[in-house]
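Reading through the structure tokens given below for one structure.
Excluded from the calculations below are hydrogen atoms, water molecules and symmetry mates; all remaining heavy atoms, backbone and side chain alike, are included.
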Amino acid sequence: MEWTGARYADAPTVQVDAWIDGTPEQVWRFASDVVLMPELSGELQAVRWCDEGSTPALGRSFIGHNRHEMRGEWETTSYIVECEEPRVFAWAVSDPANPTAVWRFTLAPENGGTRLTQWAQMGPGPSGVTEVIARMPEKEQKIVHVRLSEFEASMTATLGAIKDRVETAG
């Protein structure tokens with residue numbers, strides 16, 4: 001990840017994408033399955049829906065149990081803020097009006113397959129990152145950069161895992 005000098009208040013973003021040999025509908029099955037995500041992520045350990053059912057829909061919420069080497073373990077509630085099958089799936093963490101993060105998958109047909117893009121925004125709401133920044137404000141830009149780099153690496157791995165699953169499932 002290239003250095004940007006971003007601060008948390010800038011609500012910095014990161015994005016990765018991959019071409020997948022499958023239709024948007026095939027890719028959607030994996031990209032919108034929040035319960036599957038812990039298998040594809042090093043930090044996200046478990047997910048459970050807050051209500052009955054397993055189908056993503058606008059306004060539904062789920063709880064994610066996370067673990068990070070430096071922070072330990074924590075849970076967050078996320079709210080689906082965009083859900084247009086098979087085009088876009090996004091959720092806001094903690095508070096949709098002032099999220100600690102926003103995550104989005106977009107799917108677009110491309111060259112007989114699908115271009116899957118994952119985008120994430122840090123903040124603007126308070127988070128574990130803001131707690132670290134409060135302890136070391138002089139290192140804010142470095143803290144933001146390191147966390148965005150972690151997001152980028154995790155997202156790249158997630159897209160690779162989705163690609164493998166779609167292309168293996170046929």
Worked verdict on Glu167 versus Lys163 for salt bridge (Lys or Arg N to Asp or Glu O under 4.0 Å): CA-CA 6 Å; Glu167 293 178 356; Lys163 177 179 176 67; 2.8 Å; yes

Do the non-hydrogen side-chain atoms of [X] and [Y] ever get within less than 4.5 Å of each other?
X	Y	result
Glu75	Asn66	no
Val47	Pro38	yes
Leu36	Phe30	yes
Glu73	His65	yes

Does [X] share a hydrophobic cluster with [Y], counting links as ILVMFWY side-chain heavy atoms below 4.5 Å and allowing steps through other members?
X	Y	value
Val16	Met1	yes
Val166	Leu116	yes
Phe151	Trp74	no
Leu40	Val34	yes
Phe62	Val102	no

Looking only at heavy atoms, which two atoms of [X] and [Y] are closest? And how far apart?
X	Y	answer
Asp21	Gly112	OD1-O, 4.3 Å
Ala18	Leu159	N-CD1, 3.9 Å
Pro24	Leu107	O-CD2, 3.5 Å

side-chain hydrogen bond (donor to acceptor under 3.5 Å, both in side chains) partners for Glu140, two or more places apart: Arg7

Residue pairs fulfilling side-chain hydrogen bond (donor to acceptor under 3.5 Å, both in side chains) with at least one residue in residues 144-159, sequence neighbours excluded: Glu43-Arg147, His68-Glu150, Arg147-Glu150

Of all pairs that satisfy side-chain hydrogen bond (donor to acceptor under 3.5 Å, both in side chains), the ones with a partner from residues 104-114, not counting sequence neighbours: Glu82-Arg104, Glu110-Arg115

Those residues that, when tested against Leu58, pass side-chain contact (heavy atoms from CB on, under 4.5 Å) (two or more places apart): none

Glu138: partners by side-chain contact (heavy atoms from CB on, under 4.5 Å), with sequence neighbours left out: Met136

Passing option when Tyr79 is tested against Cys50, Pro99, Pro96 for side-chain contact (heavy atoms from CB on, under 4.5 Å): Pro96

Show which side-chain atoms of residues 119-127 pair as donor or acceptor with protein atoms under 3.5 Å away, not counting sequence neighbours.
from	atom 1	to	atom 2	distance (Å)
Gln121	NE2	Gly123	O	3.0
Ser127	OG	Tyr8	OH	3.0
Ser127	OG	Val129	N	3.1

Enter the distance from [X]:[atom1] to [Y]:[atom2] here, rounded to the nearest 0.5 Å.
X	Y	atom1	atom2	value
Leu148	Ile143	CG	CD1	12.0 Å
Trp103	Met155	CH2	CE	6.0 Å
Ile63	Arg48	CD1	CZ	4.0 Å

Donor-acceptor check, side chain of [X] to backbone of [Y], threshold 3.5 angstrom: yes or no?
X	Y	result
Lys139	Ile133	no
Gln45	Gly42	yes
Asp10	Pro12	no
Gln26	Thr23	yes

Aromatic ring proximity Phe89/Trp91, centre distance under 6.0 Å: yes

Within 6.0 Å of CD in Glu69, more than 12 heavy atoms from elsewhere: no

Glu85/Arg29 ion pair, N-O < 4.0 Å: no

Trp3 and Gln141: CA distance, side-chain angles, deciding distance, side chain to side chain contact (heavy atoms under 4.5 Å, CB included) verdict: CA-CA 9 Å; Trp3 174 263; Gln141 291 170 299; 3.6 Å; yes

